[in-house]
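What follows is a single structure, written as structure tokens, with notes after it.
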Number of protein chains: 2
Amino acid sequence: MQLSSDTEKMILETARKEFETKGYNGTRMQSIADAAGISKASLHYYFRSKDNLFEKIFNDALDEYVPLISTWADDQLNWEEKIKRFTHDLVHFIKQGKMLFIIREVNRDPSILEERIKRAKAQNKFVTYFDSVQAEGKIRKIDTRHLYVLLNSICCFPAINQQMLQKALRLSPKQYDELMQSYAEVAADFFIHAIKKMK
Amino acid sequence: MQLSSDTEKMILETARKEFETKGYNGTRMQSIADAAGISKASLHYYFRSKDNLFEKIFNDALDEYVPLISTWADDQLNWEEKIKRFTHDLVHFIKQGKMLFIIREVNRDPSILEERIKRAKAQNKFVTYFDSVQAEGKIRKIDTRHLYVLLNSICCFPAINQQMLQKALRLSPKQYDELMQSYAEVAADFFIHAIKKMK
DNA sequence: AATTGGTTTGACCATTTGGTCAAATGCAAA
DNA sequence: TTTGCATTTGACCAAATGGTCAAACCAATT
């Protein structure tokens, strides 16, 4: 098996930007070729079809995302520290615009997740872990599935909805970015404060 | 000025569903016409162009959304009750899939918000209101702009990212829906708990 | 019945778009 | 230099798509 050539990598990188910003339906093979400085025929030489090219890019995005949200039991941090790490990592990942890309395309065609689902473990690791934290009486009573939703929400939404939040807060893109500098930390504290048992 | 005819309303309703589920780029004038049971030519008779039709539908969506998030000072509820009302209303609105629609299209073409921005008030009402709540010492110290982002996140994200959250939690669509029945209330409590000053 | 004006549509058009292919190009091995 | 193989591309194609238009349709008025 041959390693993917430089040209191939360059095309993937170019196409990724196009797909992430314009979505599958808004992206043209011609504009990918133009951006990559090659002919459309060459583009088809490396990746037979638009679907084929898109699939590779979408799967790469998932490969980055999934490990990020699946890691909960494999270190020695306490639950607060785990939350802080998770929040930090996810907020950073989301910043690149990959999350809106994933959500948009999954909604366009939910079947693109099917293959992944088969491979997935039977249990959600966050839920498993926080059920045990809850059993130890360290956090207050709350459905841990709700918790999972809440945690993902506060991490992902600010970047996904940047355009509107920014405008609602009357901030320039730069100002919004500055506000977001401290967001990951604030969000983690917010989350911990919301569920921690007070003495 | 004539009131819009029944046909016109019916087309708008049909087109709304198409645009909301498939997005601007994924929607075909022909499929709107088919779904409405009329010819493509008739569709163009009522709405000159795809852009024209889309603009009306997008603005209707914003007209529903904006008042929802702008109401903070005009009643006698205390801040916890206001949060509960807001969370309930927004979660319900989002459920219809309108929010992903808005986000998707704003990201496709940020300029579609420009007209609205000019009309907008200089101050964000949530921030103004919660700054005063904070000044009264009722909530703990936190940047109220972060609070605004956090509150919108927990209200909007669960419906926007339903597909993935549902799969991550290993739930069927029906089960996810059941989980979401109680979500608005849980989210409001979560939010209040996170910022309320403890005695 | 004839006229009028809004409504509806089949047929058609120009452009866009994903995809193909034979020919050309470059390049390393023989 | 020649052979062979991967790479690159201009030209081309078929289907899809937004949009147009003259003709047909239909209900109300004269």
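Numbered from 1 within each chain, the chains take letters A, B, ... in sequence-line order. Quick note: numbers below take in every heavy atom, side chains included, and nothing from hydrogens, waters or symmetry partners.
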Atom CE of M29(B) and atom C1' of dT16(C) are separated, to the nearest Å, by 17 Å

In whole angstroms, the gap separating P of dG18(C) from CZ of F54(A) amounts to 13 Å

**Prompt:** Across the strands shown, which category fits F47(B) at heavy-atom distances under 4.0 angstrom: base, sugar-phosphate, nothing?
**Reply:** nothing

Whole-Å distance, H44(A) NE2 to dA11(D) P, equals 18 Å

Rounded to whole Å, the NZ-P distance (K50(A) to dG18(C)) equals 5 Å

Atom CG of D34(A) and atom C1' of dT16(C) are separated, to the nearest Å, by 14 Å

Taken to the nearest whole Å, CG/D6(A) to C1'/dT7(D) is 14 Å

Of all heavy-atom pairs linking E64(A) and K98(A), the shortest is OE2-CE, 2.8 Å

Of D51(A) and Y45(B), the one whose nearest nucleotide on DNA chain C sits closer to the 5' end is Y45(B)

Q | Residue pair W79(B) / Y129(B), side-chain heavy-atom distance below 4.5 Å | A | yes

When L43(A) and K40(A) are each assigned the nearest nucleotide of DNA chain D, the 5'-most assignment goes to L43(A)

Rounded to whole Å, the CD-C1' distance (Q30(B) to dT9(C)) equals 12 Å

Checking dT9(C), dG19(C), dT9(D) against the side chain of S39(B) (C-beta onward), the nearest is dT9(C)

Distance alone, cut at 3.5 Å: any donor-acceptor contact between the side chains of Q134(A) and T144(A)? no

Checklist line | Beyond-backbone contact of D89(B) with T71(B), side-chain heavy atoms, under 4.5 angstrom | finding: no

May I have the step-by-step check of side-chain hydrogen bond (donor to acceptor under 3.5 Å, both in side chains) for Y24(B) and D51(B), ending in yes or no? CA-CA 9 Å; Y24(B) 179 88; D51(B) 282 312; 2.8 Å; yes

Which of dT8(D), dT20(D), dG10(D) is nearest the side chain of A41(A)? It is dG10(D)

Distance test, side-chain N/O of S42(B) to OP1/OP2 of dT9(C), below 4.0 Å: yes

Picking from dG19(C), dT20(D), dT17(C), the nucleotide nearest the side-chain atoms of R28(A) would be dT17(C)

| field | Sugar-phosphate, base or nothing in reach of T27(B), heavy atoms under 4.0 Å | value | sugar-phosphate

To the nearest angstrom, the CD1-C1' distance between I11(B) and dT7(C) comes to 11 Å

